[in-house]
Amino acid sequence: MSEKEKLKRRTDASIEAFKSFRLRWVTGRSKVKMEIDEQKYQKILDSIMKDEIERHMITGALKEKGPMTVGELAQLTDLQPNLLVQHLMALRRNGAITEVGEKNRQYLYKLA
Amino acid sequence: MVKDTFKEEKAQNEFEPVIVAYCCNWCSYAGADLAGTSRFEYPTNVRIVRVMCTGRIDPIFVLEALRDGADGVIVAGCHPGDCHYQKGNFMMEKRFAHIKKAVETIGIEPERVKLEWISASEGGKFAALIRETTEQIRQLGPNPFRSIQEPK
């Protein structure tokens, strides 16, 4: 996958992330209302933004190419497989993706 | 429409930055207007988009401009406390930190996005900002979307 394509995937994912309810909720709240200090707020915001962009990269890839295994997703999204599995578990818990059979002894995931 | 503008730029060999400036209707757009009527000279690299308030600018606007090939994005609004809608610019100031963070996360230089306060009487400041930003972007080089060559 070319550098340009990787960059486009990341940008598209971040645009989708900013459309998502989770990120909009966090960025739309003032830290005063959340009753936490600046440092903690920034830390939470950083991790949510990173997670949301990466999760939208995964859902974007599944939307584009159909059901895929962890290995195929790791190749396409340029994410570490262990991190990818964490995101997949979170997405499955939220009902965003489901498992559909197996391929080369790996689970195939698709959008729910 | 914005994409068509970039296509024209691509035809030229020499790098000329394309800057998208989102200006609020009440202060910065009037400032840009004043820069024109006062005959202040500034580069023609800027494409001004008028919005009613900087509070209207979604992070998506900035990210999409960069994705579509803009080399820099300027967000210009009223000075803090002068917003026509009371707190639109404060909302933007807060949101801008998130925009910078997102741009950095993607892998684009955060210096490509800028937030400035320009009042309706600051035509000179607007012209200076465009001159300065154009020079900065020229140093940075083209947007990675334009500079990365596709393998043949």
Side-chain angles (χ1 to χ4, degrees), chain A residues 1-61 64 75-80 83 87, chain B residues 2-3 6 10 20 22 53-73 75 80 86-110 112-113 115 140-152:
Chain A
M1 192 169 47
S2 70
E3 278 299 313
K4 197 169 183 174
E5 205 176 323
K6 277 182 201 168
L7 190 64
K8 190 175 180 302
R9 263 181 208 286
R10 279 201 299 270
T11 314
D12 285 342
S14 64
I15 291 171
E16 286 304 313
F18 270 106
K19 286 181 190 168
S20 74
F21 175 76
R22 194 169 175 234
L23 199 56
R24 288 194 94 90
W25 191 90
V26 180
T27 54
R29 291 289 175 282
S30 78
K31 52 186 176 293
V32 181
K33 280 184 188 162
M34 288 171 84
E35 289 175 353
I36 50 170
D37 59 58
E38 176 76 35
Q39 215 177 1
K40 204 169 176 186
Y41 173 76
Q42 283 304 330
K43 211 174 160 187
I44 292 172
L45 192 66
D46 282 359
S47 94
I48 291 180
M49 196 175 285
K50 189 173 161 288
D51 284 356
E52 280 302 291
I53 292 175
E54 286 169 356
R55 283 176 198 174
H56 278 88
M57 276 170 80
I58 297 168
T59 50
E64 193 188 317
Q75 219 169 24
L76 206 64
T77 56
D78 221 20
L79 296 172
Q80 291 297 319
L83 181 69
H87 285 320
Chain B
V2 177
K3 273 184 181 171
F6 299 136
K10 272 182 188 172
V20 175
Y22 291 104
C53 179
T54 46
R56 171 67 184 89
I57 300 165
D58 200 285
I60 296 167
F61 292 6
V62 177
L63 295 172
E64 280 187 342
L66 289 169
R67 184 191 61 186
D68 291 346
D71 298 301
V73 179
V75 175
Q86 316 299 328
K87 52 181 184 178
N89 50 3
F90 287 115
M91 288 157 95
M92 185 62 215
E93 194 177 21
K94 201 169 134 255
R95 200 175 298 152
F96 197 75
H98 307 143
I99 297 174
K100 275 225 161 189
K101 198 147 274 174
V103 169
E104 216 175 334
T105 312
I106 295 166
I108 297 174
E109 302 94 335
R112 290 189 188 275
V113 290
L115 174 68
L140 278 173
N143 176 347
F145 277 106
R146 295 211 283 164
S147 60
I148 298 170
Q149 297 295 317
E150 288 287 359
K152 282 174 189 170

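Residue numbers start from 1 in every chain, and the chains themselves are labelled A, B, ... in the order their sequence lines are given, proteins ahead of strands. Fair warning: this is a prediction, and the values are worked out from it, not measured in the lab.
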>> Side chains of Arg112(B) and Asp71(B), heavy atoms from C-beta outward: is any pair under 4.5 Å?
In response: yes
>> What part of Leu45(A) gets within 4.5 angstrom of chain B, counting heavy atoms only: side chain, backbone, both, or neither?
In response: side chain
>> At a heavy-atom distance under 4.5 Å, which candidate from Gln42(A), Met49(A), Lys50(A) has the highest pair count against chain B?
In response: Met49(A)
>> Tell me the closest heavy-atom pair linking Phe18(A) and Leu63(B), and the distance in Å.
In response: CD1-CD1, 3.6 Å
>> Any heavy-atom pair between the side chains of Tyr22(B) and Thr54(B) that's under 4.5 Å?
In response: no
> Contact part of Pro144(B) toward chain A, heavy-atom cut-off under 4.5 Å: side chain, backbone, both or neither?
Replying inline: both
>> Taking side chain as everything from C-beta outward and backbone as N, CA, C, O, which of these in Ile53(A) sits under 4.5 Å from a heavy atom of chain B? Side chain, backbone, both or neither.
In response: side chain
> Can you find a heavy atom in the side chain of Lys19(A) that is under 4.5 Å from one in the side chain of His56(A)?
Replying inline: no
